Amino acid sequence: MLSEAEVQSLEGAFAGELIQPGNPRYESARRVWNGMVDRRPAMIARCADEGDVVAALRFARELGLPVAVRGGGHNVAGNAVCDDGVVIDLSAQKGIHVDPALRAVRAQPGVLLGELDRATQAFGLATPTGNVSLTGLAGLTLGGGLGWIARKHGPTCDNLIAADLVTADGDRVTASRDQNPDLLWGLRGGGGNFGVVTSFEYRLHPVGPQVIAGGMVHSFADAADVFRFFADFAAGAPDELSVMASTFPVPATPPFPPEAHGQLVTMLAVCYAGDLDAGEQALRPLRSFGRPLADLISPMAYTALQTGSDGAYPSGRHNYWKSHYIGELTDGAIATIIEHAPLMKSPLSSFYLQHLGGAIGRGGAETAAFGHRDAMFDFAILTVWEDPAESAEHITWARDFADAMQPHSTGVYVNNLGTEGTERVRAAYAPETYERLVALKQTYDPFNVFRLNQNIAPHGA
Ligand SMILES: Cc1cc2nc3c(=O)[nH]c(=O)nc-3n(C[C@H](O)[C@H](O)[C@H](O)COP(=O)(O)OP(=O)(O)OC[C@H]3O[C@@H](n4cnc5c(N)ncnc54)[C@H](O)[C@@H]3O)c2cc1C
């Protein structure tokens with residue numbers, strides 16, 4: 001517990017909301033998306049502006065308290081909240097400024113993906129983000145940002161053209177091509193290691209407003225043929241087209257046909273973001289392949305695609321994820337998938353292979369810390385359940401499946417990591433990139449104030 005005098009010292013310098021244990025808003029404010037995370041901070045400092053970030057950071061450092069930084073609070077590892085420390089909570093900062101003439105947008109760190117899409121699509125523009133609109137833009141950008149239009153326009157981090165941040169010392173620094181370009185490089189994939197980002201600026205692209213999206217639903221009984229087809233189809237796809245193979249037990253809800261309810265299926269989900277006639281043509285082989293249970297593909301608004309999966313990922317459930325980048329979907333990898341998928345224990349769990357390549361692969365290590373651009377797929381097991389008594393069985397399934405996929409792994413996407421240790425953070429980067437991140441950390445945060453994250457520790461920490 002903080003003393004009254006300590007709290008008062010912060011109150012005088014703080015414009016936003018300070019939430020401590022005992023405050024009726026404390027219980028909801030300490031919760032993050034992953035219901036497994038149950039931490040009790042000493043203070044949640046819901047910052048109204050940059051000055052609040054400086055004040056909260058100074059307060060935490062003077063008292064020697066741990067610091068957590070919260071954007072959207074969606075990260076599965078739950079590092080946006082801590083025990084007994086100070087949460088620098090940016091979720092109330094929602095400002096968005098679109099400049100259609102410059103094709104750029106500025107966003108504050110509490111903005112969610114759907115909020116950004118709505119603002120930019122008003123002008124027929126978008127920057128690539130992720131696939132679930134309730135995800136925080138801040139954490140997604142700092143770790144990379146993989147979504148439906150990344151093959152065409154690059155991951156989110158490649159479209160980050162400038163950022164303002166408050167460093168561990170409370171200094172305000174801009175990172176751009178002209179100012180501190182080394183820092184911009186690190187923010188493009190190196191996570192929340194270098195400071196608290198208070199403003200993000202992105203490049204925009206003409207997108208939609210209509211795209212072709214949806215998916216072909218196949219029984220998992222046909223998995224060998226479906227995954228083989230998927231690998232070949234993805235390899236030949238133009239940049240406008242992204243395919244994701246997602247395997248899950250069908251919920252008893254539309255748009256899935258009643259005869260599929262409860263079955264394990266693989267949906268080959270797509271987004272074609274380009275000329276719609278060309279898209280129909282590019283999708284013809286996919287739509288005529290095999291014996292689909294349903295064809296759910298149609299033209300739709302880009303914003304409808306971006307919000308369409310939100311209902312499948314509600315906040316508060318128990319979530320345990322394991323993930324690998326996969327270079328090539330070999331017959332061996334497909335055999336492993338076919339062996340482990342039917343052992344899935346929860347009707348809420350799933351796993352997916354997200355199609356990479358295209359502009360993601362063409363980005364360079366010299367412009368962004370974001371790594372493993374040669375991977376063809378991001379493979380992720382999303383284990384989800386509601387009863388904490390079931391945790392062990394679900395976690396065991398995910399671990400066994402992920403271990404079996406390890407021989408096919410070329411690394412891991414940092415934004416998919418749980419609390420998995422230093423070696424797994426290293427696995428998110430090429431060795432020389434990791435060393436460059438350590439050197440940057442040494443410059444901007446030598447005492448590792450920002451360590452509740454996928455931590456790049458400075459030398460000697
Ligand atoms: C349902 C769901 C769907 C997802 N889909 C995708 C997807 O399609 N594509 C994809 O790439 N990823 C996806 N992700 C992963 C997502 O990118 C990460 O979870 C990301 O960290 C979420 O950002 P956030 O701001 O909500 O995170 P938070 O939990 O708020 O923060 C995560 C970490 O980011 C850092 N951080 C956050 N804000 C700041 C800031 N302003 N300054 C400095 N550091 C900061 C901190 O270290 C913090 O611990 C998904 C996650 C979920 C839960």
Side-chain angles (χ1 to χ4, degrees), residues 49-50 71-72 90 92-131 133 135-142 144-165 172-181 183-185 187-189 197-213 238-240 242 271-276 278-279 299-307 358-360 362-364 366-368 370:
D49 55 29
E50 232 166 27
L90 304 156
Q93 295 190 37
K94 296 283 193 185
I96 301 175
H97 177 77
V98 186
D99 188 331
L102 280 182
R103 288 205 173 155
V105 59
R106 260 193 181 272
Q108 286 190 311
V111 168
L112 306 182
L113 307 189
E115 294 162 347
L116 188 75
D117 284 337
R118 262 197 308 278
T120 58
Q121 277 287 279
F123 303 97
L125 301 169
T127 203
T129 57
N131 298 347
S133 84
T135 307
L137 180 64
L140 177 121
T141 302
L142 295 170
L146 298 171
W148 287 118
I149 57 171
R151 282 174 42 77
K152 175 76 178 155
H153 299 297
T156 314
C157 65
D158 284 2
N159 291 277
L160 179 70
I161 46 183
D164 296 330
L165 74 166
R172 187 181 181 285
V173 178
T174 294
S176 68
R177 204 176 56 179
D178 304 322
Q179 298 181 66
N180 305 303
L183 185 55
L184 181 65
W185 173 88
L187 295 176
R188 289 172 165 172
V197 180
T198 54
S199 173
F200 296 86
E201 185 175 354
Y202 302 92
R203 192 178 301 123
L204 291 171
H205 310 272
V207 173
Q210 292 277 299
V211 296
I212 304 177
D239 290 357
E240 286 77 10
S242 257
C271 169
Y272 188 94
D275 176 79
L276 296 187
M300 65 177 76
Y302 176 68
T303 48
L305 166 65
Q306 289 289 84
T307 54
I360 305 165
R362 290 192 292 273
E366 66 290 347
T367 54
F370 179 74

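Atom set for the values below is all heavy atoms of this structure, side chains included, hydrogens, waters and symmetry mates excluded. Being a predicted model, the structure only gives us computed values, none of them experimental.
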Expected output: side-chain Glu201 to main-chain Ala162 donor-acceptor under 3.5 Å: no
From Leu140 atom CG to Thr156 atom OG1, the distance as rounded to the nearest 0.5 Å: 4.5 Å
Decide, yes or no, whether a salt bridge links Asp158 with Arg188 under the criterion of side-chain N to carboxylate O below 4.0 Å. no
Distance from Leu112 atom CG to Thr135 atom OG1, nearest 0.5 Å? 8.0 Å
Has the side chain of Lys94 got a donor or acceptor atom that lies under 3.5 Å from a matching backbone atom of Gly110? yes
Looking only at non-hydrogen atoms, find the nearest pair between Ala126 and Gln121 and report the distance. CB-NE2, 4.0 Å
Of Asn159, Thr141, Thr120, which is the lone residue that meets side chain to side chain donor-acceptor pair (under 3.5 Å) with Tyr202? Thr141
Quick check: do Tyr302 and Pro209 have side-chain heavy atoms less than 4.5 Å from each other? no
Test side chain to side chain contact (heavy atoms under 4.5 Å, CB included) on Val105 and His97 and set out the steps. CA-CA 6 Å; Val105 59; His97 177 77; 5.9 Å; no
Keeping the roles fixed (side chain from Asp99, backbone from Ala104), state whether a donor-acceptor pair exists under 3.5 Å. no
Heavy-atom pair with the smallest gap, counting every atom of Pro109 and Ala138: O-CB, 3.6 Å
Residue pair Ala119 / Ile96: nearest heavy atoms and the distance that separates them: CB-CG2, 3.8 Å
In this structure, CZ of Arg203 is separated from NE2 of His153 (nearest 0.5 Å) by 11.0 Å
Please test Gln108 against Leu90 for side chain to side chain contact (heavy atoms under 4.5 Å, CB included), starting from the C-alpha separation and ending with a verdict. CA-CA 8 Å; Gln108 286 190 311; Leu90 304 156; over 6 Å; no
Mind checking the OH-CD1 spacing from Tyr272 to Ile149? Nearest 0.5 Å is all I need. 13.5 Å
Audit row: Ile360, Phe370, side chain to side chain contact (heavy atoms under 4.5 Å, CB included) steps and yes/no: CA-CA 10 Å; Ile360 305 165; Phe370 179 74; 4.0 Å; yes
Is the shortest side-chain heavy-atom distance between Cys271 and Leu305 below 4.5 Å? yes
For residues Val111 and Gly95, report the shortest heavy-atom separation together with the two atoms involved. CG2-O, 3.7 Å
List in chain and number order the residues that pass side chain to side chain contact (heavy atoms under 4.5 Å, CB included) with Pro206, two or more places apart in sequence or in another chain; answer none if no residue qualifies. Arg103, Leu125
Residues at least two apart in sequence or cross-chain that pass side-chain hydrogen bond (donor to acceptor under 3.5 Å, both in side chains) with Thr127, listed by chain then number, are none
Between the CD1 atom in Ile161 and the CZ atom in Arg106, the distance rounded to the nearest 0.5 Å is 8.5 Å
Might you point out which heavy atoms bring Val197 and Ala163 nearest each other, and give the distance in Å? CG1-CB, 4.0 Å
Main-chain N/O of Gly130 paired to Gln306 side chain as donor or acceptor, under 3.5 Å: yes
Test side chain to side chain contact (heavy atoms under 4.5 Å, CB included) applied to Leu165 and Phe200, step by step: CA-CA 9 Å; Leu165 74 166; Phe200 296 86; over 6 Å; no
Is it the case that the side chains of Thr198 and Asp164 hold a donor-acceptor pair, with the cut-off being a distance below 3.5 Å and no angle test? no
If we only count heavy atoms from C-beta on, is the His205 to Pro128 side-chain gap below 4.5 Å? yes
CG on Leu204 to CG on Leu116, rounded to 0.5 Å: 7.5 Å
So which heavy atom on Gly189 is nearest to which on Cys157, and how close? N-CB, 4.2 Å
